[in-house]
Amino acid sequence: MTEPDPTAPDVAGPTDDDAAAEPRYEAVPDDALPEEQLAAIEAILMVVDEPVPAAQLASVLGLPTGQVAELLAELAADYAGERAGRPRGFVLRELAGGWRIYSSPVLADVVGRFVVDGQTARLTQASLETLAVIAYRQPVSRGRIAAIRGVNVDGVVRTLHARGLIEEAGHDDDGGAVLYRTSDYFLERMGLGSLADLPALAPYLPDLDGLDDLAEELR
């Protein structure tokens, strides 16, 4: 049996060129400098189109969730000018269960002037009223919304659903009607962390006598 020539090239094994041609993603190492970890988080935040949870960032970066949460808080403080730097024109906020970069609220007037009138479709009064009913009574059917508002809401509900502000939440046990609730996008647009942050309705409600009259009218 002929012995293999030790000087012959190993044609079956990978070459350096092959390795270079196959880039691999590597998680940020635990011993990376904090600046590198912060930069990695910033890079992801620059491309997300919705709030991203700290746990998802931790999974992608290969870092503990607690460490990522601390890094996010550090970035937020840095952007706010709390780390000896100037306040930025943007802020990092935790909304709807995730983190995302937004323009600074103190510059809302400047940003508003930049946006050309008509480019951003605004909700009508009917849409706002319907959205408020859903937010405070969810999950709720179209029939119940119509009874509260006193008008047909089919078109408005379709519009809110198409714009992603509400979503289906199953069916009513009694009549099988589709139930609706607000979406995470609603929380994001309203600047709320959760539904618990909705303002209390009590200051805007009529007195008890007025509520009794309203209940009688709805019967």
Could you pull out all residues at least two apart from Q56 that satisfy side-chain contact (heavy atoms from CB on, under 4.5 Å)?
V52, P53

Please examine the side chains of Q138 and V133, heavy atoms only from C-beta on, and report whether any two atoms are closer than 4.5 Å.
no

Contacts of R93 that satisfy side chain to side chain donor-acceptor pair (under 3.5 Å) - sequence neighbours left out
none

Can you tell me if S183 uses its side chain to pair, donor with acceptor, with the backbone of G164 under 3.5 Å?
yes

Can you tell me how far CH2 of W99 sits from CG of L45, rounded to the nearest 0.5 angstrom?
9.5 Å

Is there a donor-acceptor pair under 3.5 Å between the side chain of T182 and the backbone N or O of I166?
no

Could you tabulate the donor-acceptor pairs under 3.5 Å formed by side-chain atoms of residues 169-176, not counting sequence neighbours?
from : atom 1 : to   : atom 2 : distance (Å)
D172 : OD2    : D174 : N      : 3.0
D172 : OD2    : G175 : N      : 3.0

Under 3.5 Å, side chain of D78 to main-chain N/O of E74, donor-acceptor pair present?
no

Applying side-chain contact (heavy atoms from CB on, under 4.5 Å), can you list everything that pairs with A146, at least two apart in sequence or on another chain?
V153

Applying side-chain contact (heavy atoms from CB on, under 4.5 Å), name anything that partners Y136, two or more places apart in sequence or on another chain.
L198, P199, L201

Run the side-chain contact (heavy atoms from CB on, under 4.5 Å) test against A77 and tell me which residues pass, sequence neighbours left out.
E82, R83

Run the side chain to side chain donor-acceptor pair (under 3.5 Å) test against R142 and tell me which residues pass, sequence neighbours left out.
none

4.5 Å side-chain heavy-atom contact, E168 and R181
no

ILVMFWY cluster membership beyond V91 - transitive side-chain contacts under 4.5 angstrom
L95, Y102

Please collect all side chain to side chain donor-acceptor pair (under 3.5 Å) contacts where either partner lies in residues 147-158, sequence neighbours excluded, each pair once.
E129-R149, T130-R149

Do L187 and D184 have side chains that approach each other closer than 4.5 Å (heavy atoms only, starting at C-beta)?
yes

Distance (rounded to the nearest 0.5 Å) between L71 CG and E42 CD
10.5 Å

Pair I145, I134 - check side-chain contact (heavy atoms from CB on, under 4.5 Å), show working.
CA-CA 7 Å; I145 300 169; I134 296 173; 3.5 Å; yes

Within a strict 4.5 Å, meaning less than it, do heavy atoms of the Q67 and Q37 side chains meet?
yes

Here the gap from I101 atom CD1 to R88 atom CZ, rounded to the nearest 0.5 Å, amounts to 10.0 Å

L165 side chain reached by L123 side chain, heavy atoms, under 4.5 Å:
yes

Considering all heavy atoms, the nearest L160-L131 contact:
CD1-N, 3.9 Å

Show me the pairs that pass ring-ring contact (aromatic ring centres under 6.0 Å, His included) and involve residues 178-200, at least two apart or across chains.
none

Which residue pairs satisfy the ring-ring contact (aromatic ring centres under 6.0 Å, His included) criterion with at least one member in residues 33-87, sequence neighbours excluded?
Y79-F90

Pairs flagged by salt bridge (Lys or Arg N to Asp or Glu O under 4.0 Å) wherever residues 52-73 is involved - sequence neighbours left out
none

Find out if a path of hydrophobic residues (ILVMFWY) with successive side-chain heavy-atom gaps under 4.5 Å connects V60 to V47.
no

Check E188 with R100, please: is the shortest side-chain N to carboxylate O separation under 4.0 Å?
yes

Could you check if a side-chain atom of L72 sits within less than 4.5 angstrom of a side-chain atom of L57, using non-hydrogen atoms only?
yes

